[in-house]
Trainee: 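Structure below; questions to follow.
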Amino acid sequence: IDPEAGIMYIPLGSPSPNFNATTRKGPNLYANHMIAVNVTNGKMIWATPFIDYGTVLNVRVPDTHDWDTSWGSSISKVTFDNGTQKKIVIGHDKMGNVIAMDATTGKEIWWKTLGKQYNTDSIPSSNGSGVVWSYGIFNYHAIDNNDNTLYIAATNRGVNYFTDKGVAGHRVAAPHTIDLGLRNGTIAAMDLRTGKIKWQYQTEFPPRVSPLVTDDIVFAGYIPFTEKAKSKSSTTTAISPNPTRTIKSGVILALDKQTGKKLWEYNVNAPISIVGPSIGNGMLYVPTGKIQGQEAKGI
């Protein structure tokens with residue numbers, strides 16, 4: 001919310017059914033949009049589509065990959081090198097697009113796609129799309145207005161998309177991934193004015209932890225996982241003759257906000273919540289999931 005202007009900036013989810021667009025070939029308003037709404041009367045001021053022909057993801061068909069603009073937005077008053085000021089709204093999507101928009105009009109100031117993209121033009125079919133890889137953004141970002149920097153984490157994700165009978169569909173995660181096909185990723189610092197990447201910290205596992213910036217430190221994290229065979233009593237099938245279970249833990253990272261250099265990291269022995277850590281009373285508070293039997297130890 002911008003309290004000065006009385007405007008709320010809202011990222012919106014994807015249309016349904018997610019993976020089959022045969023019944024929704026129109027503009028799909030207002031799915032996959034960032035919208036600005038007047039908080040006093042509820043009227044829409046502008047709506048910027050992320051995935052639409054002629055916009056950020058230049059496609060002629062609606063989104064069939066669940067690449068919505070979820071996980072938050074922010075508004076910042078930015079001073080450019082020529083001394084002019086502009087309010088900028090930051091939004092992003094699950095394909096890895098990061099967009100800076102003029103807060104007054106919704107028009108694009110800059111946009112970047114994080115990470116490598118593979119097979120993203122493929123759409124679901126009854127035989128699958130083939131594995132689609134993209135660096136989706138699955139958490140909130142952090143802003144440091146003192147030096148015009150955006151801190152954001154993007155997770156490399158591999159998914160095969162299928163259409164089913166009727167209008168439904170489903171997705172199958174790539175091997176050796178967790179949850180929605182998540183594998184590894186990057187934590188990045190970006191210039192709010194230009195979108196230029198200042199530094200990146202690569203992670204071997206999914207960095208699905210929302211960054212937090214305070215003083216000279218960026219706190220972030222990632223979710224290490226291991227695959228282990230289930231016990232012999234587990235049911236086996238022709239589809240899954242060797243069932244496995246995934247054990248996840250969570251690592252909290254402290255990075256130098258100027259350089260991205262790692263200051264320290266610690267394994268909390270449980271998956272870290274997507275909402276990320278918070279600061280208070282000189283303490284770092286880290287929300288976690290269920291401890292899964294791994295030995296607790298610092299890394």
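Values below: all heavy atoms of this structure, side chains included; hydrogens, waters and symmetry mates excluded. FYI, the numbering just counts along the sequence from 1. Since the model is a prediction, treat every value here as computed from it, not as a measurement.
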Trainee: Is any side-chain heavy atom of Ile10 closer than 4.5 Å to a side-chain heavy atom of Val37?
Mentor: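 Ile10 reaches Val37 side chain to side chain.
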Trainee: Counting neighbours of CG on Asn281 that are heavy atoms of other residues, nucleotides or ligands and sit closer than 6.0 Å, is the number greater than 12?
Mentor: no
Trainee: So, using side chain to side chain contact (heavy atoms under 4.5 Å, CB included) as the criterion, who are the partners of Ser273 when residues are at least two apart?
Mentor: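 Checked Ser273 against side chain to side chain contact (heavy atoms under 4.5 Å, CB included); matches are Val275, Pro287.
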Trainee: Which pair of heavy atoms, one from Ala47 and one from Ile35, lies closest together, and at what distance?
Mentor: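 So the two residues come closest at CB-CG2, 3.8 Å.
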Trainee: Are Asp81 and Arg193 packed together at the side-chain level, in the sense that at least one heavy-atom pair is separated by less than 4.5 angstrom?
Mentor: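 Side chain of Asp81 against side chain of Arg193, heavy atoms only: contact under 4.5 Å found.
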Trainee: My understanding is that only residues two or more places apart in sequence, or in another chain, count here; which of them pass ring-ring contact (aromatic ring centres under 6.0 Å, His included) with Tyr201?
Mentor: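 Counting only residues at least two positions away or on another chain, Tyr201 forms no ring-ring contact (aromatic ring centres under 6.0 Å, His included).
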Trainee: Which heavy-atom pair separates Lys257 from Val213 by the least distance, and what is that distance?
Mentor: CD-CG2, 4.2 Å
Trainee: Looking at Thr104 and Asp102, would you say the former's side chain and the latter's main chain have a donor-acceptor pair under 3.5 Å?
Mentor: no
Trainee: Do Ser125 and Asn127 have side-chain atoms, one donor and one acceptor, less than 3.5 Å apart?
Mentor: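 Absent: no donor and acceptor within the cut-off.
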Trainee: Here's a test for you: under side-chain hydrogen bond (donor to acceptor under 3.5 Å, both in side chains), which of Arg208, Glu204, Glu265 qualifies with Tyr222?
Mentor: Glu265
Trainee: Would you say Arg171 and His65 make side-chain contact, with heavy atoms under 4.5 Å?
Mentor: no
Trainee: Going hydrophobic residue to hydrophobic residue with side-chain gaps under 4.5 angstrom, can you get from Leu29 over to Met101?
Mentor: no
Trainee: When you measure from the side chain of Ser126 to the backbone N and O of Thr163, does any donor-acceptor pair fall under 3.5 Å?
Mentor: no
Trainee: In chain order, what residues pass the side chain to side chain contact (heavy atoms under 4.5 Å, CB included) check against Ser70, with sequence neighbours excluded?
Mentor: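 Ser70 satisfies side chain to side chain contact (heavy atoms under 4.5 Å, CB included) with Asp68, Lys94 only.
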Trainee: List the residues meeting side-chain hydrogen bond (donor to acceptor under 3.5 Å, both in side chains) with Asn184, not counting sequence neighbours, and say none if there are none.
Mentor: Asn156
Trainee: Is there side-chain contact between Ser73 and Met34, with at least one heavy-atom pair below 4.5 Å?
Mentor: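 They are in side-chain contact.
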Trainee: Donor-acceptor check, side chain of Asn160 to backbone of Gly130, threshold 3.5 angstrom: yes or no?
Mentor: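 Yes; at least one donor-acceptor contact below 3.5 Å.
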Trainee: Around atom OH of Tyr118, are there more than 12 heavy atoms of other residues, nucleotides or ligands at under 6.0 Å?
Mentor: no
Trainee: Distance from Glu108 atom CD to Thr48 atom OG1, nearest 0.5 Å?
Mentor: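 The distance works out to 9.5 Å.
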Trainee: Measuring from atom CG of Leu192 to atom NZ of Lys196, what distance do you get when rounded to the nearest 0.5 angstrom?
Mentor: 14.5 Å
Trainee: Is there a chain of hydrophobic side chains (I, L, V, M, F, W, Y, each step under 4.5 Å between heavy atoms) that links Ile197 to Ile90?
Mentor: yes
Trainee: If I compare all heavy atoms of Ile178 with all of Pro206, which pair ends up nearest, and what's the gap?
Mentor: CD1-CG, 3.9 Å
Trainee: Under 3.5 Å, is there a donor-acceptor pair between the side chain of Asp256 and the main chain of Gln258?
Mentor: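 It does hold such a pair.
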Trainee: Can you sort out the partners of Trp71 under ring-ring contact (aromatic ring centres under 6.0 Å, His included), two or more places apart, ordered by chain and number?
Mentor: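 Residues passing ring-ring contact (aromatic ring centres under 6.0 Å, His included) with Trp71: Tyr140.
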Trainee: Using modelled atom types only, decide if a donor and an acceptor are shared between the side chain of Asn32 and the backbone of Trp67 within a distance under 3.5 Å.
Mentor: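 A pair under 3.5 Å: yes.
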Trainee: So, taking the atom named CG in Asn148 and the one named CD1 in Ile143, what distance separates them when rounded to the nearest 0.5 Å?
Mentor: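 It comes to 9.5 Å.
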Trainee: Keeping Arg157 on the side-chain end and Trp133 on the backbone end, is there a donor-acceptor pair under 3.5 Å?
Mentor: no
Trainee: In terms of hydrophobic clusters joined by side-chain contacts under 4.5 Å, are Val132 and Phe50 together?
Mentor: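 Yes, one cluster joins them.
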Trainee: Restricting to side-chain hydrogen bond (donor to acceptor under 3.5 Å, both in side chains), what partner residues turn up for Asp2, sequence neighbours left out?
Mentor: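 side-chain hydrogen bond (donor to acceptor under 3.5 Å, both in side chains) list for Asp2, sorted by chain: Lys87.
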Trainee: Do Ile252 and Leu212 sit in the same hydrophobic cluster, where Ile, Leu, Val, Met, Phe, Trp and Tyr count as joined when their side-chain heavy atoms come under 4.5 Å apart?
Mentor: yes
Trainee: For residues Val131 and Ala174, report the shortest heavy-atom separation together with the two atoms involved.
Mentor: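 Where Val131 meets Ala174 most closely, the heavy atoms are CG1-CB, 4.2 Å.
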Trainee: Which residue pairs pass the side chain to side chain donor-acceptor pair (under 3.5 Å) test with at least one member in residues 7-20, sequence neighbours excluded?
Mentor: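 Passing the test, one end in residues 7-20: Ser14-Asn18, Ser14-Asp66, Asn20-Thr22.
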Trainee: To the nearest 0.5 Å, how far apart are CZ in Phe219 and OH in Tyr151?
Mentor: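 Answer rounded to 0.5 Å: 12.5 Å.
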Trainee: What is the minimum heavy-atom distance between Tyr285 and Gly280, and which atoms define it?
Mentor: CE1-O, 3.3 Å
Trainee: Any side-chain heavy atom of Phe138 sitting closer than 4.5 Å to one from Leu180?
Mentor: yes
Trainee: Specify the closest pair of heavy atoms between Met95 and Ser134, including all atoms of both residues, with the distance to one decimal.
Mentor: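 Minimum heavy-atom separation between Met95 and Ser134: O-CB, 3.7 Å.
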Trainee: Do the side chains of Lys86 and Val78 get nearer than 4.5 Å, heavy atoms only?
Mentor: no
Trainee: Is there a side-chain contact (heavy atoms from CB on, under 4.5 Å) between Val251 and Val268? Walk through the geometry before answering.
Mentor: CA-CA 6 Å; Val251 170; Val268 301; over 6 Å; no
Trainee: Using side-chain heavy atoms (C-beta onward) and a distance below 4.5 Å, is Ile223 in contact with Ser249?
Mentor: no
Trainee: Test your reading of the model: is there a side-chain donor-acceptor pair from Asn119 to the backbone of Ser129, 3.5 Å cut-off?
Mentor: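 Yes.
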Trainee: Could you tell me which residues satisfy ring-ring contact (aromatic ring centres under 6.0 Å, His included) with Phe205, sequence neighbours excluded, listed by chain and number?
Mentor: Phe225
Trainee: Does any part of the side chain of Ile152, heavy atoms only, come nearer than 4.5 Å to the side chain of Val98, both counted from C-beta?
Mentor: yes
Trainee: May I have all residue pairs that pass ring pair (Phe, Tyr, Trp, His ring centres under 6.0 Å) and include part of residues 14-38, sequence neighbours excluded?
Mentor: Phe19-Tyr161, Tyr30-His33
Trainee: In Å, rounded to the nearest 0.5 Å, how long is the span from NZ of Lys262 to CG of Leu255?
Mentor: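 Rounded to the nearest 0.5 Å, the NZ-CG separation comes out at 9.0 Å.
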Trainee: Going by distance alone, is a donor N or O of one side chain under 3.5 Å from an acceptor N or O of the other, for Asn97 and Thr113?
Mentor: yes
Trainee: What pairs meet the side chain to side chain donor-acceptor pair (under 3.5 Å) rule with one or both residues in residues 172-181, with sequence neighbours excluded?
Mentor: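 For residues 172-181: His176-Glu227, Asp179-Lys248.
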Trainee: Which is it for Asp147 and Thr149 under the side-chain contact (heavy atoms from CB on, under 4.5 Å) test, yes or no, and what are the steps along the way?
Mentor: CA-CA 6 Å; Asp147 59 4; Thr149 304; 3.1 Å; yes
Trainee: CG of Leu12 to CG of Asn28: how many Å apart, nearest 0.5 Å?
Mentor: 12.5 Å
Trainee: Going hydrophobic residue to hydrophobic residue with side-chain gaps under 4.5 angstrom, can you get from Val89 over to Leu150?
Mentor: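 No, because Val89 and Leu150 fall into different hydrophobic clusters, even though each may have its own neighbours under 4.5 Å.
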Trainee: Determine whether Val159 and Val172 satisfy the following criterion, side-chain contact (heavy atoms from CB on, under 4.5 Å), listing intermediate values before the conclusion.
Mentor: CA-CA 6 Å; Val159 180; Val172 176; over 6 Å; no
Trainee: Taking only residues two or more places apart in sequence or in another chain, which ones pass side-chain hydrogen bond (donor to acceptor under 3.5 Å, both in side chains) with Ser76?
Mentor: Asn145
Trainee: Compile the donor-acceptor pairs under 3.5 Å between side chains in residues 39-46 and protein atoms, sequence neighbours left out, one pair per line.
Mentor:
from	atom 1	to	atom 2	distance (Å)
Thr40	OG1	Asn38	OD1	2.5
Asn41	OD1	Lys43	N	2.9
Trp46	NE1	Ala103	O	3.0

